[in-house]
Amino acid sequence: MSMIADFYGGKSILITGATGFLGKVLMEKLFRTSPDLRVIYILVRPKAGQTLQQRVFQILNSKLFEKVKEVCPNVHEKIRAISADLNQNDFAISMQDMQELLSYTDIIFHCAATVRFDDHLRHAVQLNVTATQQLLLMASQMPNLEAFIHISTAFSNCNLKHIDEVIYPCPVEPKKIIDSMEWLDDAIIDEITPKLIGDRPNTYTYTKALGEMVVQQESGKLNIAIIRPSIVGATWQEPFPGWVDNINGPTGLIVAAGKGFLRSIRATPMAVADLIPADIVVNLTLAVGWYTAVHRPKSTLIYHCTSGNLNPCNWGKMGIQVLATFEKIPLERAFRRPKADFTTNNVTTQYWNAVSHRAPAIIYDFYLRLTGRKPRMTKLMNRLLRTLSMLEYFINRSWEWSTYNTEMLMSKLSPEDQRVFNFDVRQLNWLEYIENYVLGVKKYLLKEDMAGIPEAKQHLKRLRNIHYLFNTALFLIAWRLLIARSQVARNVWFFIVSFCYKFLSYFRASSTLKV
Ligand SMILES: CCCCCCCCCCCCCCCCCCCCCCCC(=O)SCCNC(=O)CCNC(=O)[C@H](O)C(C)(C)COP(=O)(O)OP(=O)(O)OC[C@H]1O[C@@H](n2cnc3c(N)ncnc32)[C@H](O)[C@@H]1OP(=O)(O)O
Ligand SMILES: NC(=O)C1=CN([C@@H]2O[C@H](COP(=O)(O)OP(=O)(O)OC[C@H]3O[C@@H](n4cnc5c(N)ncnc54)[C@H](OP(=O)(O)O)[C@@H]3O)[C@@H](O)[C@H]2O)C=CC1
């Protein structure tokens, strides 16, 4: 009998960010392990021309929720989508919905955030700080609330090398930042952003750190915990291996490598790749929800959900396994054969960017133009290079995260809960996980059919032949130009040709003698 699954039975749970990558995996696990929960309220905004209902319908009818429908056939009755925009005052929730939320919510999982690294500070503060503050205010008016679980990131203090499960204060108080965002204009905000974020690489990590401070300051009498996952990757085991549906973190680069766009990446192969599968994050989150509500720790506990100190993998190992998987199971219609390498300094990075990224894009766009089509590869390549430059900070450094609270929690779980809500990253086999991750990218993100693999392999063979042909032509042109200009080159060429001729004459003579 799982105590955690039992705990969520009959509960009304509020999830923000439920339409996001982590939010969906969280909802799925909740429904699957506690089908008798009362309701899951999700705060959703209409998006991309879809109504709330259409968004929920799409989620519930996705592959991710197939198992849920077997154990919880009335899942659509247990999910209550509430129209909300976290950028608005009171989240633009109707009075009636607000009343329902305040009266019934037992547990809150706050996952919503902007995870864009380059978001404007005003927007990042609004979502990652102000919205968190507003949600805490709402929570403080909920008479039945048992726990408030805030999802942060292990990189909120990435300016430090060793990070403990504590909140590190930022120099400027979050309240001051929130206030100033109201009256400063965009130009001034742009100017002060580098000063405010200091030695953090982007507005995302900075505002997530401010968000944690707000949680600490506004906790009041609430029962709160903070979870800090590192780089969340595809699922490891549940509901099935390799599920992923967005291009954040390493996923976008895996796609780019598989399609042959990404040929070189500035990374330190030995730096720790602190990936953590989404299902591990979700299992820890649910265990933390249970522990916080039932054991009511005296202070706000922070849980690191990281892999580096317990079962480290590095970018080198990951990169090799990604490419090895693409050898066996290539993506369809690749631009070039998947072949990439790490560079370690600025000069080689610039060189390979010019030779392996920009030049092929220009040549391909030239070909598109010649054939009357719209050029697009240069634009796409510039986007990839920009993304690479944004991610570089995280793939050239290693961090140490202590995991005392996470390990303490593991020891408090019953053997059954340790099995059902497994967040022990030591059991993960990286090579197997990465292979499933790559397969998941192909199947669930790109929605490619496995039946297309032979054709994808054929396509790669054609690309290889084009590559050989192109290189031979390039060599011959270069050589021809050299011969025309240099006596030494002409002499070498004469020597090679006469050597080959003599070699062939010798073989012809000896085979004639044998006959
Ligand atoms: C020896 C062998 C070597 C072999 C090497 C090769 C193997 C390769 C594998 C190795 C990989 C190593 C990778 C390491 C990556 C490390 C990542 C570290 C991240 C740590 C961060 C901390 C973790 C967190 O807490 S946050 C969560 C992570 N957040 C992110 O990842 C967000 C990052 N992204 C951004 O900030 C932006 O997207 C940005 C700035 C990078 C690019 O912005 P831009 O405006 O240029 O583009 P977009 O508009 O954002 O998107 C372009 C395009 O993509 C579509 N899109 C965007 N997001 C999504 C999405 N979530 N889902 C689906 N589609 C998305 C978007 O619609 C655009 O499409 P269009 O068609 O052009 O409209
Ligand atoms: N992915 C990762 O690698 C990591 C993530 N995290 C943290 O985990 C949490 C979840 O991240 P993840 O699932 O990857 O992120 P996603 O970008 O996939 O999801 C973000 C969620 O927030 C919602 N949201 C954004 N803006 C608003 C708004 N104005 N009103 C209502 N909802 C909004 C999105 O809704 P919509 O669908 O409408 O856009 C979406 O549901 C975040 O707090 C993030 O900081 C921490 C470490 C690593």
Side-chain angles (χ1 to χ4, degrees), residues 14-28 41-52 54-56 58-59 64 81-93 108-117 119 122-132 134-135 149-158 163 202-212 214-215 226-235 243-253 273-282 284-285 302-307 390-391 394 399 401 437 445:
L14 168 60
I15 303 181
T16 70
T19 51
F21 175 48
L22 216 49
K24 280 185 279 204
V25 183
L26 177 65
M27 261 201 305
E28 192 278 339
Y41 295 114
I42 59 173
L43 302 190
V44 195
R45 53 181 174 169
K47 200 179 176 189
Q50 283 187 308
T51 63
L52 257 59
Q54 285 167 331
R55 294 194 74 186
V56 173
Q58 197 175 26
I59 292 173
L64 182 70
I82 293 197
S83 173
D85 183 346
L86 271 62
N87 283 325
Q88 309 286 325
N89 258 348
D90 288 333
F91 300 156
I93 297 177
I108 296 179
F109 294 107
H110 179 34
C111 301
T114 166
V115 301
R116 285 188 70 96
F117 294 155
D119 224 346
R122 188 196 300 286
H123 185 243
V125 166
Q126 174 58 48
L127 208 55
N128 297 348
V129 194
T130 316
T132 303
Q134 276 203 49
L135 191 66
I149 311 302
H150 174 74
I151 310 293
S152 185
T153 163
F155 294 94
S156 54
N157 301 293
C158 58
I163 302 156
N202 52 45
T203 54
Y204 170 68
T205 50
Y206 175 62
T207 52
K208 289 298 276 189
L210 288 177
E212 290 184 2
V214 161
V215 171
I226 297 177
I227 296 174
R228 287 187 184 148
S230 46
I231 303 168
V232 184
T235 54
W243 185 82
V244 60
D245 79 338
N246 78 16
I247 59 157
N248 283 343
T251 312
L253 295 193
D274 211 300
L275 289 183
I276 192 86
D279 46 342
I280 288 197
V281 181
V282 160
L284 174 69
T285 303
I302 293 148
Y303 299 85
H304 281 165
C305 192
T306 53
S307 57
M390 295 262 171
L391 299 182
F394 300 96
W399 287 265
W401 286 279
Y437 192 162
L445 175 69

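Both counts, for ligands and for their atoms, begin at 1 and track the order of listing. Values below: every heavy atom of this structure, side chains too, minus hydrogens, waters and symmetry copies.
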Which ligand 2 atoms are under 4.0 Å away from a heavy-atom of Asn246?
18 (O)
Centroid-centroid distance, Phe155 to Trp401, less than 6.0 Å:
yes
Is there a side-chain contact between Ile82 and Phe91, using heavy atoms and a 4.5 Å cut-off?
no
Heavy-atom proximity to atom 4 (C) of ligand 2, best of Val281, Thr207, Val232
Val232
Nitrogen or oxygen atoms of Ala84 and ligand 2 under 3.5 Å apart:
no
Below 3.5 Å, N or O to N or O, backbone or side chain included: is there any such pair between Leu43 and ligand 2?
no
Check whether any N or O atom of Leu22, backbone or side chain, sits under 3.5 Å from an N or O atom of ligand 2, and answer yes or no.
yes
Centroid-centroid distance, Phe117 to Tyr206, less than 6.0 Å:
no
Does Tyr204 come within less than 4.0 angstrom of ligand 2, counting non-hydrogen atoms of the residue?
yes
Check: Thr19 N/O within less than 3.5 Å of ligand 2 N/O:
yes
Measure the spacing between NE2 of His110 and OG of Ser152 and express it to the nearest 0.5 Å.
9.5 Å
Geometry only, no angles: is Arg55 polar-contacting ligand 2 at N/O separations under 3.5 Å?
yes
Ranking Ser230, Gly211, Pro229 by closest non-hydrogen atom to atom 48 (C) of ligand 2, top hit is Ser230
Once rounded to the nearest 0.5 Å, what's the spacing between atom CD of Gln126 and atom CD of Gln134?
7.0 Å
Non-hydrogen atoms of Ser152 versus ligand 2: any pair closer than 4.0 Å?
yes
